[in-house]
Amino acid sequence: MDFTHDAIERAKRVKLIILDVDGVLTRGDIFVSDSAEYIKAFYCRDGLAITVSRKFGIQSAIITGRQSPPTAYRAKELHIEHFYQGKLDKREAYKDLKAKTGLTDEEIAYIGDDLVDLPIMGQVGFPAAVGDAVPEVKEAAVFTSGFEGGHGAVRETIEFILKAQGLWADVLSSFGVKPKGDISNLVQ
């Protein structure tokens with residue numbers, strides 16, 4: 001995990017996390033069956049983090065360049081509030097999302113991995129990158145996960161945000177786990 005000095009302060013303001021799909025929620029591999037159906041692998045721990053963050057007041061959104069029935073299914077399964085697909089230029093979807101939610105740039109996080117993510121990363125208050133993102137995306141990020149896309153990068157980023165907001169003890173308690181020791185400064 002790598003983050004800039006002000007990443008904690010920026011994470012405290014996050015009310016919405018926007019996710020890319022290929023290379024962020026998945027490894028970036030696209031499998032096509034003999035019947036031309038897309039097959040994607042999603043990491044379950046990322047899904048749990050999305051679900052948990054929603055319970056603690058943080059909305060989720062997907063903006064992806066590809067049209068994909070498996071992605072639509074996964075978004076529905078995780079109750080992701082805002083879903084945009086087939087948006088290679090993601091700026092119009094971002095503008096629409098801000099209008100629908102009434103949130104400011106500073107209240108929005110974006111997790112990306114490739115060049116198509118840079119326009120939105122330059123606008124949001126908390127731009128984040130997966131561990132195997134291209135160098136330009138890592139440079140634009142205030143937080144870079146130690147995990148690759150599709151292998152826990154979303155989970156780690158969401159945990160960072162929840163910890164920065166002082167919610168981690170509540171998250172653990174919601175699973176019947178009593179936090180051990182002082183966890184007030186977990187992200188520092």
Side-chain angles (χ1 to χ4, degrees), residues 1 14-33 35-54 58-98 100-101 103 105 108-138 140-162:
M1 165 176 30
V14 171
K15 295 180 181 177
L16 169 70
I17 300 169
I18 303 172
L19 307 161
D20 178 38
V21 176
D22 297 326
V24 174
L25 280 173
T26 72
R27 293 186 333 200
D29 299 332
I30 298 171
F31 301 96
V32 182
S33 71
S35 59
E37 292 177 314
Y38 286 115
I39 300 166
K40 294 186 181 212
F42 295 93
Y43 195 63
C44 288
R45 291 182 196 164
D46 290 343
L48 180 61
I50 292 165
T51 300
V52 166
S53 67
R54 183 180 62 258
I58 299 173
Q59 299 177 62
S60 297
I62 287 177
I63 303 176
T64 181
R66 185 176 305 281
Q67 290 275 0
S68 167
T71 300
Y73 178 83
R74 185 67 171 150
K76 184 177 179 182
E77 181 180 51
L78 294 175
H79 306 285
I80 291 177
E81 293 93 338
H82 312 282
F83 180 65
Y84 302 84
Q85 62 178 336
K87 306 292 182 189
L88 193 56
D89 182 347
K90 300 178 180 191
R91 292 174 288 193
E92 196 61 39
Y94 181 66
K95 182 179 174 183
D96 183 68
L97 185 55
K98 281 179 45 179
K100 284 181 178 174
T101 63
L103 296 174
D105 292 331
I108 301 173
Y110 185 92
I111 306 174
D113 73 309
D114 212 341
L115 301 176
V116 299
D117 301 314
L118 288 172
I120 296 179
M121 289 181 73
Q123 294 180 59
V124 299
F126 189 84
V130 299
D132 58 338
V134 298
E136 294 84 358
V137 168
K138 287 182 177 181
V142 297
F143 177 88
T144 299
S145 174
F147 296 95
E148 295 180 356
H151 289 282
V154 170
R155 169 69 172 260
E156 183 179 44
T157 305
I158 291 174
E159 280 190 23
F160 181 87
I161 291 167
L162 291 168

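Atoms considered below: every heavy atom in the structure, side chains included; atoms not considered: hydrogens, waters and symmetry mates.
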Sequence neighbours excluded, which residues qualify as salt bridge (charged side-chain N to carboxylate O under 4.0 Å, His left out) partners of [X]?
X	value
Lys100	Asp96
Arg45	none
Glu81	none
Lys40	Asp22

Per the salt bridge (Lys or Arg N to Asp or Glu O under 4.0 Å) rule, what does the pair list look like for [range], sequence neighbours excluded?
range	result
residues 144-153	none
residues 118-132	none
residues 108-128	Lys90-Asp117

Rounded at 0.5 Å granularity, tell me how far [atom1] in [X] sits from [atom2] in [Y].
X	Y	atom1	atom2	value
Thr26	His151	OG1	NE2	9.0 Å
Phe42	Thr71	CZ	OG1	4.0 Å
Leu25	Leu78	CG	CG	8.0 Å
Leu19	Ile158	CG	CD1	6.0 Å
Met1	Thr144	CE	OG1	11.0 Å
Glu136	Met121	CD	CE	11.0 Å

Q) More than 12 foreign heavy atoms under 6.0 Å from CD of Glu77: is that the case here? A) yes
Q) Just wondering, more than 12 heavy atoms not from Lys138 lying within 6.0 Å of its NZ? A) yes
List for me each residue that meets side-chain contact (heavy atoms from CB on, under 4.5 Å) alongside [X], sequence neighbours excluded, and say none if there are none.
X	result
Ala61	Leu16, Ile18, His82, Leu97
Gln67	Gln85
Ala109	Val14, Ile17, Phe126, Ile161
Ala41	none

Testing the basics here: between [X] and [Y], what is the closest heavy-atom pair and its distance to 0.1 Å?
X	Y	result
Pro127	Ala140	CG-O, 3.4 Å
Ala153	Val130	CB-CG1, 3.5 Å
Ala133	Gly112	CB-O, 4.2 Å

Q.
Would Tyr110 and Asp105 count as a side chain to side chain donor-acceptor pair (under 3.5 Å) here? Give the steps.
A. CA-CA 10 Å; Tyr110 185 92; Asp105 292 331; over 6 Å; no
**Q.** Flag side-chain contact, heavy atom, 4.5 Å: Glu156 against Phe143
**A.** yes
Q.
A side-chain contact here means heavy atoms from C-beta on lying under 4.5 Å apart; do Tyr43 and Val154 qualify?
A. no
Q. Partners of Ser33 by side-chain hydrogen bond (donor to acceptor under 3.5 Å, both in side chains), sequence neighbours excluded?
A. Ser35
Q) Quick one: which of Ile108, Leu103, Val124 gives a side chain to side chain contact (heavy atoms under 4.5 Å, CB included) with Lys98? A) Ile108
Q.
Donor-acceptor check, side chain of Asp46 to backbone of Arg155, threshold 3.5 angstrom: yes or no?
A. yes
